[in-house]
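Just so you know, these numbers come straight off a predicted model, no measurement behind them. Residue numbers run from 1 in the order of the sequence given.
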Amino acid sequence: MHRIVKVNRKGPGRPSQRAHDSSFPKPSPSSTASRPRGSPRSRARPPPMPKQRLLIKGGRVVNDDQSVEADVYVEEGVVQEVGPNLNPKPPSGLTVLDATNKLVIPGGIDTHTHLQFPFMGTTTKDDFYTGTKAAVAGGTTMIIDFAIPQKGCSLIEAFDKWKGWADPKVCCDYALHVAVTWWSDKVKEEMKSLVQDKGVNSFKMFMAYKDLYMLSDEELYAALSYCKELGTIAQVHAENGELISQNAKKLLAMGITGPEGHALSHSEDVEAEATHRAIAIANTVNCPLFVVHVMSKSSARMITNARNEGKVVYGEPIAAGLGTDGTNYWNEDWAHAAAHVMSPPLSSDPSTPDFLMNLLANDDLSVVGTDNCTFDTCQKALGKDDFTKIPNGLNGVEDRMSVVWEKGVYSGKMDENRFVAVTSTNAAKIFNLYPKKGRIAVGSDADIVIWDPEATRTISAKTHHQANNFNVFEGMVCHGVPVATISRGKVVYHDGVFNVTAGQGKYVSRPPFPPYVYERVKQREEVCQPIPVKREPYAGVVSATPSAPR
């Protein structure tokens with residue numbers, strides 16, 4: 001069993017309670033007035049805070065490229081040493097975690113969450129506190145959420161609003177993607193400011209949600225062109241919004257009002273068509289493309305084919321798409337069916353999760369997010385008579401890591417190193433967080449999970465830590481359990497016990513031009529430009545007037 005051994009936490013140099021406690025009275029001016037200027041007492045400072053020191057002993061350190069038996073020593077939230085038989089001195093004030101027979105892996109990075117999101121007439125159940133608290137329980141130590149302005153509204157104001165919601169609540173580190181929901185010169189100026197001043201290096205464009213967030217092809221072309229100029233990652237929600245709108249009208253007219261109507265109106269074709277179109281536009285302007293929540297075989301094949309052709313495209317399946325399927329939309333219990341409503345919908349082909357996991361294991365798809373966007377049964381009931389009014393979204397932030405281990409590693413489709421790649425390292429590389437995040441190495445942030453590959457747990461809404469009353473993975477038995485989660489060197493979760501404080505997480509700035517992505521983009525820019533054909537000028541007769549139509 002894992003244990004935390006606290007060795008002499010009250011070691012030398014530990015400040016007294018009085019040094020911390022503002023309730024103690026401060027000396028009056030008269031008590032110090034007689035001291036000579038420059039005397040030793042007048043220059044006295046409080047004793048220094050003890051360094052936060054942590055040693056993880058006896059585990060197997062797993063990165064995306066190798067696994068080694070090693071200890072990990074952490075000081076002040078940063079990895080200082082990785083190697084066998086570490087014995088840092090002095091022992092006082094050192095916290096020791098026993099990881100014997102366990103894996104020591106980089107903390108998970110969830111590339112796609114919607115916490116505290118006002119959407120479709122309501123707000124998600126999980127805010128930035130409950131959402132990130134659940135995340136660390138599942139082995140995720142960083143999330144990237146989305147700031148989404150309404151059409152015509154400021155991107156910077158949306159960013160500031162989301163950051164204002166997150167900063168006082170987050171229990172782990174976070175960053176923000178920003179959505180581009182309309183296009184103008186002002187949007188361009190604000191995108192540039194977000195990159196230069198706010199640490200944003202990714203922008204999301206919607207091809208769905210007609211009249212709410214959707215961009216036209218002309219706007220999408222302009223947005224992707226500018227993303228490339230700024231050195232950012234262009235993300236797309238790839239569905240044909242016009243076809244969805246027409247399909248929904250037709251189905252409602254036929255009397256189909258339940259959750260199955262959502263799946264039928266968002267057919268696999270509308271996702272595949274939009275994915276192909278987004279890839280074509282991005283490739284035309286040489287912009288790296290990140291397709292969020294890849295849900296269907298057809299869309300995944302589009303991404304696979306593009307990558308095989310050398311295009312700079314990344315696909316993000318989500319935990320729900322790997323762990324369950326869209327047959328749930330035909331469940332006779334309306335609440336059960338509605339709980340699974342999201343866009344794009346879960347595939348109604350029950351073989352799709354296995355198909356997507358195969359592609360993820362073989363590097364055709366790149367990272368696993370969650371699109372965590374939770375609404376309870378009462379909120380979903382806003383669409384009880386019209387499936388187009390069911391708030392879109394479901395859970396995943398707590399269960400992502402275990403679902404991927406169960407369906408990927410335990411099933412024999414991927415090894416432990418690929419697991420680390422798709423749950424952490426690839427995201428860190430794509431979004432320019434690496435190697436501070438996504439790796440256990442000297443100088444990396446101490447975002448670390450002690451993972452027990454032999455332990456099991458059964459997922460249930462009765463025991464999860466999210467605020468929602470439903471879990472789409474209900475009853476799934478998962479091999480692979482996070483025993484301890486460490487965020488910036490602090491043990492925030494251990495054997496079911498939390499040690500978190502709202503606001504302890506930090507906003508992480510991400511610089512543009514991530515090398516993992518843009519080295520290829522720059523090379524393509526240099527060698528893949530069209531070249532005019534050298535020929536003699538035409539010297540023949542030119543028609544004086546156009547011919548009249550017959």
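- A side chain to side chain contact (heavy atoms under 4.5 Å, CB included) with L359 is found for exactly one of L365, V294, I303, namely L365.
- Partner of D173 under the salt bridge (Lys or Arg N to Asp or Glu O under 4.0 Å) criterion, out of K436, K437, R510, K506: K437 alone.
- For the pair S424 (side chain) and V420 (backbone), a donor-acceptor distance under 3.5 Å is absent.
- Here H177 and F290 keep their ring centres 6.0 angstrom or further from each other.
- Residue N101 qualifies as open at atom CG: its count of foreign heavy atoms under 6.0 Å is 12 or below.
- Shown here are the ring-ring contact (aromatic ring centres under 6.0 Å, His included) partners of F119, two or more places apart in sequence or in another chain: F117, Y209.
- A donor-acceptor pair is defined here as one N or O able to donate and one able to accept, closer than 3.5 Å; such a pair exists between the side chain of D333 and the backbone of A335.
- Taking the six-membered ring where the residue is Trp, the centroids of F387 and H262 are separated by 6.0 Å or more.
- No side-chain heavy atom of T130 sits under 4.5 Å from any side-chain heavy atom of K133.
- Annotation for P149 and S154: closest pair CB-O, 3.8 Å, computed over non-hydrogen atoms.
- Looking at N471, its side chain never comes within 3.5 Å of a backbone N or O of H464 through a donor-acceptor pair.
- Surrounding OH of Y516 are more than 12 heavy atoms belonging to other residues, nucleotides or ligands, all under 6.0 Å away.
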- Criterion salt bridge (charged side-chain N to carboxylate O under 4.0 Å, His left out) on K198 and D160, from CA distance to verdict: CA-CA 9 Å; K198 305 287 189 178; D160 290 340; 3.3 Å; yes
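- At least one side-chain heavy atom of V79 sits less than 4.5 Å from a side-chain heavy atom of V72.
- With sequence neighbours left out, P511 forms a side chain to side chain contact (heavy atoms under 4.5 Å, CB included) with N432.
- Distance alone, capped at 3.5 Å, places no donor-acceptor pair between the N331 side chain and the A337 backbone.
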- Item | salt bridge (charged side-chain N to carboxylate O under 4.0 Å, His left out) assessment of E76 paired with R53 | CA-CA 7 Å; E76 294 299 289; R53 301 166 65 235; over 6 Å; no
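- Of all heavy-atom pairs spanning G496 and Y493, the tightest one is CA-OH, 3.3 Å.
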- Under the side chain to side chain contact (heavy atoms under 4.5 Å, CB included) rule, what do V200 and T232 come out as? Steps first, then yes or no, please. CA-CA 8 Å; V200 173; T232 62; over 6 Å; no
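- Using modelled atom types, one finds a donor on one side chain and an acceptor on the other under 3.5 Å when comparing N328 with H336.
- No side-chain N or O of H479 forms a donor-acceptor pair with one of E454 less than 3.5 Å apart.
- The backbone N or O of G408 lies less than 3.5 Å from a partner atom in the side chain of S411, making a donor-acceptor pair.
- P259 and I390 make their closest contact through CG-CD1, 4.1 Å (heavy atoms, listed as atom of the first residue, atom of the second, distance).
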- Message: Working note: T181 + Q150, criterion side chain to side chain donor-acceptor pair (under 3.5 Å); need CA distance, chi angles, decisive distance, verdict.
- Response: CA-CA 7 Å; T181 55; Q150 298 296 312; over 6 Å; no
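- K380 forms no cation-pi arrangement with F375, by the criterion of a distance under 6.0 Å to the ring centre and an angle within 45° of the ring axis.
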- Message: Pair T113, D145 - check side chain to side chain donor-acceptor pair (under 3.5 Å), show working.
- Response: CA-CA 5 Å; T113 66; D145 207 86; 2.6 Å; yes
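- Atom CD of E157 is surrounded by 12 or fewer heavy atoms from other residues, nucleotides or ligands within 6.0 Å.
- For the pair H266 and P344, the minimum side-chain heavy-atom distance is 4.5 Å or more.
- Put simply, the side chain of N395 gets close to the backbone of V472: a donor and an acceptor are under 3.5 Å apart.
- Side-chain contact between C478 and T456 is absent, with no heavy-atom pair separated by less than 4.5 Å.
- Taking every heavy atom of both residues into account, A428 and I109 meet most closely at CB-CD1, 3.8 Å.
- Checked by atom type and distance alone, the side chain of T458 never pairs as donor or acceptor with a backbone atom of G475 at under 3.5 Å.
- When R488, K169, K490 are each tested for a side chain to side chain donor-acceptor pair (under 3.5 Å) with Q504, only one passes: K490.
- Ring centroids of Y410 and W405 are separated by 6.0 Å or more, keeping the two rings apart.
- Taking the side chain as every heavy atom from C-beta outward, L194 and F159 approach each other to under 4.5 Å.
- Looking at heavy atoms from C-beta onward, L94 lies in side-chain contact with Y73 at the 4.5 angstrom threshold.
- K204 and V292 get closest at one heavy-atom pair: CE-CG2, 4.1 Å.
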- Message: Set out, in order, the CA-CA distance, both residues' side-chain angles and the distance that settles side chain to side chain donor-acceptor pair (under 3.5 Å) for T140 and R400, then state yes or no.
- Response: CA-CA 8 Å; T140 288; R400 178 183 70 109; 3.1 Å; yes
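- The aromatic ring centroids of Y507 and W162 lie 6.0 Å or more from each other.
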- Query: How far apart are the C-alpha atoms of V403 and M476, what are their side-chain angles, what is the distance that settles it, and do they pass the side chain to side chain contact (heavy atoms under 4.5 Å, CB included) test?
  - Reply: CA-CA 9 Å; V403 168; M476 181 188 294; 4.0 Å; yes
- Could you go through the side chain to side chain contact (heavy atoms under 4.5 Å, CB included) check for T132 and Y174 one step at a time? CA-CA 9 Å; T132 55; Y174 80 102; 5.8 Å; no
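- Other residues, nucleotides and ligands contribute over 12 non-hydrogen atoms within 6.0 Å of the NZ atom of K413.
- Across every non-hydrogen atom of G489 and L54, the tightest pair is O-CD2, 3.9 Å.
- Within the 4.5 Å cutoff, no side-chain heavy atoms of E190 are placed close to those of V180.
- Side-chain atoms of T425 and N63 include no donor-acceptor pair closer than 3.5 Å.
- Here side chain to side chain donor-acceptor pair (under 3.5 Å) pairs that include residues 365-375, with residues two or more places apart or in two chains, are D110-T370, H112-D371, H114-D371, D126-T374, N372-Q466.
- The salt bridge (Lys or Arg N to Asp or Glu O under 4.0 Å) test with R418 is passed by exactly one of D363, D64, D65: D363.
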- Chi angles and distances behind the side chain to side chain contact (heavy atoms under 4.5 Å, CB included) call for Y314, V291: CA-CA 6 Å; Y314 305 95; V291 183; over 6 Å; no
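- Taking the side chain as every heavy atom from C-beta outward, Y129 and Q116 never approach each other to under 4.5 Å.
- Ring geometry for F498 versus H465: interplanar angle over 60°, hence perpendicular rather than tilted (30 to 60°).
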